[in-house]
Amino acid sequence: METRRYQDWVTRGLFGADPDAPGPAYCIVIPPPNVTGSLHMGHALDHTLMDALIRRRRMQGYVTLWLPGMDHAGIATQNVVERELAKQGLSRHDLGREAFVERVWQWKAESGGTILGQMRRLGDSVDWSRERFTMDEGLSRAVQTIFKRLFDDGLIYRAERIINWCPRCLTALSDIEVEHADEDGELISIRYGDGDDSVVVATTRAETMLGDTAVAVHPDDPRYAHLVGRDVELPLSGRRIPVVADPHVDPEFGTGAVKVTPAHDPDDFEIGRRHNLTSLTIMDERGVITRPGLFEGLDRFEARPAVVAALREQGRIVAETRPYLHAVGHCSRCGTIVEPRLSLQWFVKVEPLAKAAGDAVRDGRVRLHPADMAARYFDWVDDMHDWCISRQLWWGHRIPVWYGPGGEVRCLGPGEPPPGGDGWRQDPDVLDTWFSSALWPFSTLGWPDDTADLRRFYPNSVLVTGYDILFFWVARMMMFGLYAMADRDPDSAVPFRAVALHGLVRDAHGRKMSKSRGNTVDPLDWIDRFGADATRFTLARGASPGGDVSVSEEWVTGARNFCNKLWNATRFALLNGARVPDARPAPGHLSVADRWILSRLAAVTAEVDGLYRGYEFAKICAALYHFAWDEVCDWYLELAKATLAGQDAAAAGTTREVLGYLLDRLLRLLHPLIPFVTEELWTALTGGDTVVTAAWPGERAAGAAAGQPPTDPAAEAEIGSLMALVTEVRRFRSDQGLRPGQPVPAALTGIGGTPLASHEDAIRALLRLTPAGAGFTPTASLPAEGITVELDTAAAIDVAAERRRLEKDLAAARKE
RNA sequence: GGGCGCAUAGCUCAGUGGUAGAGCACUCGCCUUACAAGCGAGGGGUCACUGGUUCGAACCCAGUUGCGCCCACCA
């Protein structure tokens, strides 16, 4: 049913955006999922929130664009295809670069992008005609354009640096692709040199001592002052290495002396630079020792104990090796321990870009929700290292730089032909995946061309994403967006006006979902069993700005029940001949109950509009849930029953109209959150075409009809009294254990002069006291015993006090 | 090592100066003619701890304890 409904929406073109249509624009680009990915709860949350925003704007009369697409996901995708090849006993090198890339495209065509199909199951109202892929021709042109521009501006450079290297993926990684985890290691103390010329250094990575080219001590450390400038003998190799004084060394840590391995440690590299030390590379790209000698050919983790054993044999290990907890970096893609590696790579000089990215948030051109997330953002953009953008992969945007036979370096812009002549070759590396995703807000709209889409939909209205990629992605889109659009005025150069951050999806006990823990929930399973609406409502209901969302089967069951409740309420309305009036029912003929529920509808509508402004999805859901269930179903529908069954045909007619009007508006308000069930019910109730393009009951886009019906405080106060009174009667019946149909004792039968055999009796009795337009002053009397309780509803009823009086009176009545 | 956040009912969480809330779970009573995926009525909390500000503190301030997250080039 949902699938058919979705297909119908798409066929009718309801999700398409026409940049030439009148009205204000509203645009969200989807955070592009990996082409290798499939829909998990995190996506489901993200997409639910975006879809709700988009659907509401569409109903409000905005020209809405929700643009879908995928990321080519360099390492991840290459790994997938390489694994496939491995099954056939092949490596990418067996195919060669061109054939391998061709193979990846083939894989993409056959099995990539399953997530796109899954998005349809969720009901995502994206414009499929604008689907993009980061490796598309157009987007690749955007990549090359901005690379060239950065290169010409001196913001991209090539340098030999220590970078994070994954010995399994065989590529450089940026800082954010490294995940740190505390792990147990051993701190080993090694004595270098002998006698007076000896010094003890401590290390957790003994194997790197093969590449040591110095020992460093603090300049002010008296213990080692005599050694500075002299040489010590490096054990095992016998090389003599200098002792240098460097302020970076912490005299308090360990022995206060540090071994220096410039080629295998970022700190040591800097020390090496300051003291002009040679860099000795001892490992190849797979982490295998290449230094000639005993350890040649050993993996880095085999070499460590071997080196330690050899040192121990020579009596070089001093003191106890002691356990030491320290942070170890892992490849975020495959988990392999990252190896710092000296190599020639391309970098983006981020300082000026990051400064601009920080300022855009600082001066309010981009608003973060929640606002306190800005602190983290500033911490990051204000202290960002240069970004290593080259990857030793084949799948991705190739670096558009050519090297000539005479050492010339030429960066090509789009369309420029490769340099002619012999000896020119292109840089073999590709760009970090995040380089192209950083362009996503405008590359998808046609940049660098001046397209209608770009003019209309940039800046994007809002970016919706998890706080976990605030740094990875958001900050980079800010940097590149502001840079690419520098010719615009600052206010419209930003990639988006606002960033709405949500949290992680967690399990019922607030634990992070992970495959290893086995507590993941598949959104598609929930969609199958509970429906897309229930799944969406569960997620939206837990989503407060920046907050994590705990979900469980209990929650989705509750959401499913809510959808079911709506279903039944609508059924009730249809069975009772509800009809949707053209306009809000005129006040003149309304009962107090009618006036009350219409007033509440107006209030909730305004409340929901306000909450949408702050991306308060949890509160939007709570407001609508309680309005629909507690007020509409539990009270208004019950009150309506009495009227519909009553003698007053005019009053019944009015109720039918109010019922129709009320549900029509309620379903529209709920549609952005639960599109399928509301479409089903709304079309049945109103005979309308589709609720997708029905007018939003609250605020509208400028130019469209607006105007909010007023609330009715008097009616709300009156109904409040009525509810309190009915509740008192119910509580009394429950406390006394009265069965249905069993009338309350004579002592309580005075309300409206009718015996109260049921709750509905009480309602009917009270309702009769309230003719349209009349005042409302119910009186509870106990005529049999001559007791009367008068409830003046102009003042708030102290129900507890009234209850005590009733019980006391009853007890007295029984005694007699 | 630096930064940020959290601690409220059995569970997951709202609640930023004025009588402690929701959903689920639990207890009791109901197949009442939209819905038992439901209806009605209940029980349940020293708001982590200590001190301070205030007429008044879950809320503001200081400290303590416990937990979580992010960042990180001290071997």
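Scope of the values below: all heavy atoms of this structure, side chains included, with no hydrogens, waters or symmetry mates.
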Quick test: give all pairs of protein nitrogen or oxygen and nucleotides 66-70 of chain B nitrogen or oxygen below 3.5 Å, distance rounded to 0.1 Å.
none

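- Relative to the side chain of E638(A), the nucleotides A75(B), A14(B), A34(B) differ in distance, and A34(B) lies closest.
- For the C1' atom pair drawn from G17(B) and A57(B), the interatomic distance equals 7 Å after rounding to whole Å.
- Across all strands shown, A22(B) forms a Watson-Crick or G-U wobble pair, both distances under 3.5 Å, with U12(B).
- A gap of 35 Å separates the C1' atoms of G38(B) and A58(B), to the nearest Å.
- For A34(B), one of the phosphate oxygens OP1 or OP2 lies less than 4.0 angstrom from a side-chain nitrogen or oxygen of K641(A).
- The partner of C28(B) is G40(B), judged by Watson-Crick or G-U wobble contacts that both fall below 3.5 Å.
- Between C71(B) and U19(B), the two C1' atoms lie 45 Å apart (nearest whole Å).
- Note: CZ (R511(A)) to P (C6(B)) measures 23 Å, nearest angstrom.
- Every residue meeting the salt bridge (Lys or Arg N to Asp or Glu O under 4.0 Å) condition with D507(A), not counting sequence neighbours, appears here in chain and number order: R511(A).
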Show me the donor-acceptor pairs within less than 3.5 Å that the side chains of residues 655-663 of chain A make with the rest of the protein, sequence neighbours left out.
from, atom 1, to, atom 2, distance (Å)
T655(A), OG1, A651(A), O, 3.1
R656(A), NH1, N576(A), O, 3.3
E657(A), OE2, R579(A), NH2, 2.3

Contacts under 3.5 Å, N or O only, protein and nucleotides 36-38 of chain B:
from, atom 1, to, atom 2, distance (Å)
A37(B), O4', N561(A), OD1, 3.4
A37(B), N3, R560(A), NE, 2.9
G38(B), OP1, N561(A), ND2, 3.0
G38(B), O3', K565(A), NZ, 3.0

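- Remark: F347(A) engages Y157(A) in a ring-ring contact (aromatic ring centres under 6.0 Å, His included) (not counting sequence neighbours).
- No donor-acceptor pair closer than 3.5 Å links the side chain of R341(A) to the backbone N or O of S343(A).
- R362(A) forms a cation-pi arrangement with F378(A), by the criterion of a distance under 6.0 Å to the ring centre and an angle within 45° of the ring axis.
- One P atom belongs to G23(B), the other to C35(B), and the distance between them is 22 Å to the nearest Å.
- Under the ring-ring contact (aromatic ring centres under 6.0 Å, His included) criterion, W380(A) pairs with F471(A), sequence neighbours left out.
- Nucleic acid contact for R205(A): none, since no nucleic acid atom lies under 4.0 Å from a heavy atom of the residue.
- The ring-ring contact (aromatic ring centres under 6.0 Å, His included) test applied to F676(A) returns W9(A), not counting sequence neighbours.
- Contact annotation for L637(A): base contact, defined as any heavy-atom pair under 4.0 Å involving a base atom.
- Across all strands shown, nothing is found opposite U33(B) as a Watson-Crick or G-U wobble partner with both distances under 3.5 Å.
- Nucleotides C59(B) and G52(B) place their C1' atoms 15 Å apart, quoted to the nearest Å.
- For A9(B) and G56(B), the P atoms lie 26 Å apart once the distance is rounded to whole Å.
- Looking at heavy-atom distances under 4.0 Å, D250(A) makes contact with a base.
- A375(A) comes within 4.0 angstrom of no nucleic acid atom, judged by non-hydrogen atoms across all strands.
- For the pair I620(A) CD1 and A14(B) P, the computed distance is 16 Å after rounding to whole Å.
- Taking the centre and axis of the six-membered ring of Y625(A), the NZ or CZ atom of R541(A) falls inside the cone set by 45° and 6.0 Å.
- Atom NZ of K259(A) and atom C1' of C74(B) are 13 Å apart (whole Å).
- Under the Watson-Crick or G-U wobble criterion, with both distances below 3.5 Å, C60(B) is paired with G52(B).
- For Y636(A), the ring-ring contact (aromatic ring centres under 6.0 Å, His included) test picks out no residue, with sequence neighbours left out.
- Among residues two or more places apart in sequence or in another chain, the salt bridge (Lys or Arg N to Asp or Glu O under 4.0 Å) test is passed with D664(A) by R668(A).
- Computed from coordinates, the E179(A) CD to C71(B) P distance equals 9 Å when rounded to whole Å.
- Across U65(B) and A25(B), the matching P atoms stand 39 Å from one another, rounded to whole Å.
- Geometrically, R476(A) engages W387(A) in a cation-pi contact, judged by NZ or CZ lying under 6.0 Å from the ring centre and within 45° of the ring axis.
- Summarising the geometry, the separation between CZ on R274(A) and P on C73(B) is reported as 15 Å, rounded to the nearest angstrom.
- Figure legend. A72(B) is base-paired to no nucleotide; pairs are counted as Watson-Crick or G-U wobble with both atom distances under 3.5 Å.
- Across all strands shown, C6(B) forms a Watson-Crick or G-U wobble pair, both distances under 3.5 Å, with G66(B).
- Checking the phosphate oxygens (OP1, OP2) of C71(B), no side-chain nitrogen or oxygen of H180(A) falls inside 4.0 Å.
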